[in-house]
Every structure is written in C-alpha cells, then in structure tokens.
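Throughout, numbering of the chain's residues begins at 1 and tracks the sequence. Because the structure is predicted, anything quoted here is derived from the model rather than measured.
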Amino acid sequence: KTLPGNRPPIPNIHENAFGAYRYSEDIVQNFKLCSYLCQFWSWIVKREMKHNQSKIVPSNSSQNNNYDCLCNIDIDMLKRVCKLVPPPPKDLVDTIVNYLHSYDYILQNIPKDIVWKVLEYI
C-alpha cells in the first residue's frame, strides 16, 4: 500500500481554497494539517528517490551507500510528524517506519514495531 508506485499524487491546496472571508478555526487547522501532511509525504518521497537513484550507481563506487544517518533537518521533520495533532495517518507512519528500518544506519537494527516509539522520544 505504501510503496512509491502505489500512492496517489500529493494534492495542492491553495490557502484561500475555502474563501477569503469564510475562515473558521476548524478550516484553518484543517488547512495546516493538510499542509503538514503534504510536507511529510514530500520529505519521505525525496528520501526514497535518493535511495532509488543510488541503486543505479555501480556497486564498486564509493557513492554507493545503502544506509544513511539522519541529519538535523530529518530529525526536525520526524519530530514534527510525531507531534502532529491529530496523529498522522497510518499509511504515512508505516511508510516512514519502513523507510527508516530499511535505510537508516541506526534504526535498521531496531525491531520494526519499536521504530515509531523511538521516534516519539526524539
């Protein structure tokens, strides 16, 4: 379900899509939530694309590295995902966990069902 080829495209939502004069707190919060979810999906898609492109590099190349370490930007993004209210959708959580369990140098050694709990404590 969460594989790159099986996802629907990320929708673009204009901040005035609900009308400039009809703002309510619920609509603003919903817009922010959608905006954050789009950012999170974009982040994970970029990370996946980076790894898919690295598979093209010949295996004897010094550029070929199957595992990454999270940089500060990644950690900040993951903190934002974990603190999202309401919590992020299960497919996003599953995608992030699967990616980190597959490609992160440290998290790949942790059981998959524990990875999200580790992220919540970052």
Can you give me the closest heavy-atom contact between [X] and [Y], atom names plus distance?
{"X": "His101", "Y": "Gln108", "value": "O-CB, 3.1 Å"}
{"X": "Gln39", "Y": "Met77", "value": "O-CE, 4.4 Å"}
{"X": "Cys69", "Y": "Asp104", "value": "CA-OD1, 3.8 Å"}
{"X": "Leu33", "Y": "Pro86", "value": "CD2-CD, 4.0 Å"}

Pairs flagged by salt bridge (Lys or Arg N to Asp or Glu O under 4.0 Å) wherever residues 76-85 is involved - sequence neighbours left out =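 Every pair satisfying salt bridge (Lys or Arg N to Asp or Glu O under 4.0 Å) with a residue in residues 76-85: there are none.
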
inquiry  = I'd like to know whether CG of Asn72 has more than 12 heavy-atom contacts from other residues, nucleotides or ligands below 6.0 angstrom.
reply    =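 Open: at most 12 neighbouring heavy atoms sit under 6.0 Å from CG of Asn72.
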
task = Begin from the C-alpha positions of Ile44 and Glu48 and carry the test side chain to side chain contact (heavy atoms under 4.5 Å, CB included) through to its verdict.
result = CA-CA 6 Å; Ile44 195 69; Glu48 288 174 335; 4.3 Å; yes

message = Please enumerate all residues that pass side chain to side chain contact (heavy atoms under 4.5 Å, CB included) together with Asp74, with sequence neighbours excluded.
response =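 For Asp74 the side chain to side chain contact (heavy atoms under 4.5 Å, CB included) partners, ignoring immediate neighbours, are Trp43, Arg47, Leu70, Cys71.
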
Contacts of type side chain to side chain contact (heavy atoms under 4.5 Å, CB included), residue Pro89, not counting sequence neighbours =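 Scan of Pro89 (side chain to side chain contact (heavy atoms under 4.5 Å, CB included), adjacent residues dropped) gives Leu37, Asp91, Leu92.
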
ask   = Just how far is it from atom SG of Cys34 to atom CG of Asn30, taken to the nearest 0.5 Å?
value =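 Separation between the atoms: 4.5 Å.
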
query = With sequence neighbours left out, what residues match Phe40 under ring-ring contact (aromatic ring centres under 6.0 Å, His included)?
reply =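 Expected list: none.
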
Donor-acceptor contacts under 3.5 Å from residues 110-122 side chains, at least two apart:
{"unit_1": "Lys112", "atom_1": "NZ", "unit_2": "Asn98", "atom_2": "OD1", "d": "2.9"}
{"unit_1": "Trp116", "atom_1": "NE1", "unit_2": "Glu120", "atom_2": "OE2", "d": "3.1"}

